[in-house]
Structures are given as structure tokens and as C-alpha cells.
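Here's the structure, in C-alpha cells; my notes come after.
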Number of protein chains: 2
Amino acid sequence: MSALTNAIDILRCFSTTRPDLSFADVQVLTGKPKSSTSRLLRSLRDCGLLEQDPHSRRYRPGLLTFELGRLHRAHDDLIATAERELRDVCARTGHTGYIAVLDGYQQVVLRIVPGSNPLRVVNPPGQRTPAIITSNGRAMLARLSDQEIRARVPLDYPKVPGNSPQNFTELMARLNEIRRSGISDAADEAIEGVGSQGFALASGESGELIGIAVSYSVQATTELERANVRRELGAMAAKLRRMTGDPLGQTIEQLAGLAS
Amino acid sequence: MSALTNAIDILRCFSTTRPDLSFADVQVLTGKPKSSTSRLLRSLRDCGLLEQDPHSRRYRPGLLTFELGRLHRAHDDLIATAERELRDVCARTGHTGYIAVLDGYQQVVLRIVPGSNPLRVVNPPGQRTPAIITSNGRAMLARLSDQEIRARVPLDYPKVPGNSPQNFTELMARLNEIRRSGISDAADEAIEGVGSQGFALASGESGELIGIAVSYSVQATTELERANVRRELGAMAAKLRRMTGDPLGQTIEQLAGLAS
DNA sequence: CCGTTTGTTCCATTTTTCGGAACGTAGTGC
DNA sequence: GCACTACGTTCCGAAAAATGGAACAAACGG
């Protein structure tokens, strides 16, 4: 286990629910001896990857991560294109739009398009959620080969909300349904009372895969309205697939071979 | 030189002007042998700090930096407070506001408040600029002790625009002027035709130091308007200094001792 | 003043890293 | 078809760094 690996393990302890950590927190979360934790935290702080609050002595991601994180946005083409289209749809429907990517079996929110409806934005950019309990998460999974999916989902299937697939078999059934229809949906899963519909978009040339979704309050929308969202998404998906050369039908590995 | 140091050296090669790099770019910029570069890039990619475009094979900051960069924003109190006040001033004056921090002898833009005037935002968040050629950069430097300043400015004084201090003596004269007046200004320095005024704000309890500035087109503003900006900034500075317990008059080292 | 919590430093051992050189692998010109 | 070059990866012994247990230090609480 290299020094870099250990450093990354520390960095991965930080999340939206734990934006800053004390020495002890890090030690518990990583399970490393005190001496190693001490040395690593100092290194990470000295190099700018972490900052330490002089008062509370707690650690948080540093200036360098801020700078690099901004640069990550440059990675555009596919995302920017999708975001433009998503803005149109959100403006028309009033709902909130999300763009996310897959990382392991989790999805990470990259962009948000706030809607005009009074549903609060609940997943800020950077938020991680198990892909199996969101509409665009499942949409992305559905684009992978069955063996890739099996490799990503933890062996002991995680505890999920009632409306989500409760085991691997149910998950695969749901993914196959998505593969047929091209659109994925969810209701009352990650968040009580919130529903969403989404689809996955792959880039023909880069092999990237992103999920695009629109979310809304289940109570505050009618069946008719949700059908309209579905139409909008279908149209957006068709348009984006043409624009990006999405080779629908092939799994992502067949294209690029670069598993994340 | 540890593995982490080398990794950081690679990460620091990325910037707004160079958001992605090829293998060769990295090798030239770091001056390391090919084998080391190869191994390190692979490690960084595997751990998520970098991504590699499957097509162009170029590297860019990865998903992990995006996530951590978002978390850096949580580091708020001082910045959020300042941003709120800055928004008010920008709304009243129509100019663009900046909040930045010092890193070595450079400043890094943290927040931008776009104004209503048609001056384009030229420094996106994450942008690095030598602190000696900006108004808030100099304002922050002026809050350090003379020896700290000397330690930060490179020994061979950098080549700077005509209106900026041309050598260390001129710089110190300018900083002393800022120390007297509390407000710093710049015109036609970092960007042709753009002027700005700013000040530095320190937090009494955390010892943090940030720079706050308002920038405008020199041609499109009158002397009277700039005097108004100065009044606005003076008022904002006074208010913020009360709110944050800024111990004006002391250098930052005397407070916290934590040099970045 | 002693026990606890919290974090740092020491140091011998183990593990990585380092970097020169050899080894692929395309692409390019002739 | 063949040398030539640009670009990158893998190998391997020497050298350097990480590791973690234990001693040490500092702050806190009672």
C-alpha cells in the first residue's frame, strides 16, 4: 500500500456529510496507527490538499483541491452539451435537472439546473448516492455489461428503500426494463416524496457515460405532467444521442475498455 | 522527496491556462524521468485525482478533485460573511467583486460577484495571479510582516506591468501606503484598461486572511465614481472588521503563526 | 497533582520509490 | 519495406521513504 494510496484513503473520508474531520475522526475512519495518521495529515496539509483550522484544529479539503476542482469543469464537451439541453427542458417543465457520473457503484452529482418549482435542491454537486436507488444511476448501470454491473454492486447487497430493487435479481429486472424503454424512473427512493426520470448518455468518441435526470415532487405532480416529462426526456435523449454519436445498444466497455 | 511531493508537483502543473496535459507536457514541466512520470500518472489516474481522456490520452484533474473542491467551499464563515457584504456593494455600484486568498506570493480567486456593468468577468475562481500586481493581492501582502513579505516575493523580482511596483523597494513603498490608508488600488496592471480597489480582511479568531476587491473599466468610470467605490469599500471594510474581529495593525503571523 | 485525551517524535525494519536502460508500438518519410 | 523517430511502458538493483510500536509531550479536567 503506497503512500499515495493512504493519502487518498484519507481524502476519501471527506464527504458532504463530513466536510471536515478531526485527527481522531481520520484515525478511526482509516484505521491506521496514530503515527501514520499524524505524518500523513501533516504532509497533506503542507502540500495544500488539506487545510487545518487553526482554532478547532480540524482538517478540511485545501486550496489545491479547490483549484483543481474548478479545472475539472473544463472537461466539458459532453457535459456542457447535455447541460444546455437540460436547461431548456427544466425551463419548460419547471422541474430540477441533474447531471451525474458513475464512480464504482455510486453516482456523483456534477451539475444541477434548479427548476422554478418550489422543490428545494437536495443533492448539491459532489453529492454521492448509490446508483441503484436513483433513476439516472440505474440508467447508467443499464448501459454496462451484466458482468460489469455484478462487479460494481457490493456482494452483500446494500439495504435500500422499499421502492428500490431489493436484491440483485430485482435490480437486473429493472435495468433490463430500462434497456428496453431507454428511460428510467424512480419514486420515493433516495428522498421521500421525490420522484425522477432519467436516461444515460454515452459519448461515441470518448466513451464517457453520464446520467441526466429531472426530479420533481411526487405529490405536486399529476400523472399527466410526469408523462410530459417523459416525452421531454425522450426528445432530449434522441437529440443528444444524435449530437454526441451515442452508440446505443453497445455497452460502454465495448467502446473504450477503460473502466473507471 | 516523497511520493506525495512528486504527485503534488504534477497536480500543480495544471492551471486555468493549462487545464489538461499530455504525458510529454508533464514530463517537461516536472523535469522527471519518463519512468517516474509514467508510474505517477498511472497512480494518480487510478486513485481518481486525475482522469485521462481515452481519445486524446491527455490528463486532467479527476472526479475526486471535483468532489473535494466542492467541500472546500464549506470553509465559510469569513468568506461567506464577506461575500454577502460584497454582493450589496456590487449591486449598488454595478461593478464586479472578487474575493481571493494568498498562496505564497500569488493570489487565488475564490469567489466572484458579477456586476451589472458590461465588464466581463476575466478572472474565474481558481485563477492565480501574482499578488504584487493586484489591488487586493497587495492589500493582503501589506498585512504581513516585512520579513514575511520578503520571504514570499521571489529573489529575482518578476517582470511586471508598467503601473505595478517594479522592484522590491517600490513594492514596500506601495504596501506602506496601503498600511496607512487601509485601501489598495490598481489600474492597468493585471489587465489592460481594468482598475480595481480592494482591502484585506483578517479573522480575529482563525487568523485567516482574505482580499476583497471591486474592479471596473478605467475608461468607463469617472474619478467621482471611483471615489464612491472607495467610500463603499471603506464602509464595508469597517463593518466587516467589526463583525470578524479583525485585529487591524497586527501582522497575521503575530496572530496565528500558521504560515501557508 | 494525577489520570486522560490528544497528538507528535523516534527509530529499526520493511516496503516503495527512483531512474537509467532496455523494450514495445505506432506513425512518418523515403 | 525499412529505417527513423516520437511516445510510452516495463525491468531491476540501489537508495530512499513509509511504517508502526513505543516513548514522549501538551492540554485538559477533576
message = Could you check whether Q27(A) and T37(A), counting side-chain N and O atoms only, form a donor-acceptor pair closer than 3.5 Å?
response = no

inquiry  = As a test of understanding, state which of N123(B), L110(B), L86(B) forms a side-chain contact (heavy atoms from CB on, under 4.5 Å) with Y98(B).
reply    = N123(B)

ask   = V26(B) pairs by side-chain contact (heavy atoms from CB on, under 4.5 Å) with which of T30(B), V28(B), L29(B)?
value = T30(B)

task = Give the intermediate values and the outcome of side-chain contact (heavy atoms from CB on, under 4.5 Å) for residues L64(B) and T65(A).
result = CA-CA 9 Å; L64(B) 183 56; T65(A) 67; over 6 Å; no

List the atom of [X], the atom of [Y], and the distance in Å for their closest heavy-atom pair.
X: A7(A); Y: L44(A); result: CB-CD2, 3.9 Å
X: R143(B); Y: A202(B); result: NH2-CB, 3.7 Å
X: R60(B); Y: F14(B); result: CA-CE2, 3.7 Å

request  = List for me each residue that meets side chain to side chain contact (heavy atoms under 4.5 Å, CB included) alongside L240(A), sequence neighbours excluded, and say none if there are none.
outcome  =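 In terms of side chain to side chain contact (heavy atoms under 4.5 Å, CB included), with neighbours along the sequence ignored, L240(A) is linked to T81(A), A82(A), E85(A), F199(A), L201(A), I212(A), M236(A), M243(A).
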
ask   = First contact, last contact: which nucleotides of DNA chain C are these for chain A, 5' to 3', heavy-atom distance under 4.0 Å?
value = dG7(C) to dT17(C)

key: Set of residues satisfying salt bridge (charged side-chain N to carboxylate O under 4.0 Å, His left out) with respect to R150(B), sequence neighbours excluded   =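 Per chain and number, R150(B) pairs via salt bridge (charged side-chain N to carboxylate O under 4.0 Å, His left out) with no residue.
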
DNA chain C contacts among residues 20-28 of chain A, heavy-atom distance under 4.0 Å = F23(A), A24(A)

ask   = Axis-to-axis angle across the helix from dC1(C)-dG30(D) to dC30(C)-dG1(D), five pairs an end, to 10 degrees?
value =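 Comparing the axis at each end, I get an angle of 40°.
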
query = Nucleotide by nucleotide, 5' to 3', does protein get under 4.0 Å of the base (B), only the sugar-phosphate (S), or neither (-) in nucleotides 11-30 of chain D, counting heavy atoms?
reply = ------SSBBB---------

pair E189(B)-T134(B): side-chain heavy atoms closer than 4.5 Å =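 Of all side-chain heavy-atom pairs linking T134(B) with E189(B), none is under 4.5 Å.
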
request  = Going by the salt bridge (Lys or Arg N to Asp or Glu O under 4.0 Å) test, name the single residue among R57(A), R58(A), R18(A) that passes it with D25(A).
outcome  = R58(A)

task = Assess whether side-chain contact (heavy atoms from CB on, under 4.5 Å) is satisfied between K32(B) and I10(B), documenting all intermediate values.
result = CA-CA 10 Å; K32(B) 291 275 166 196; I10(B) 289 184; over 6 Å; no

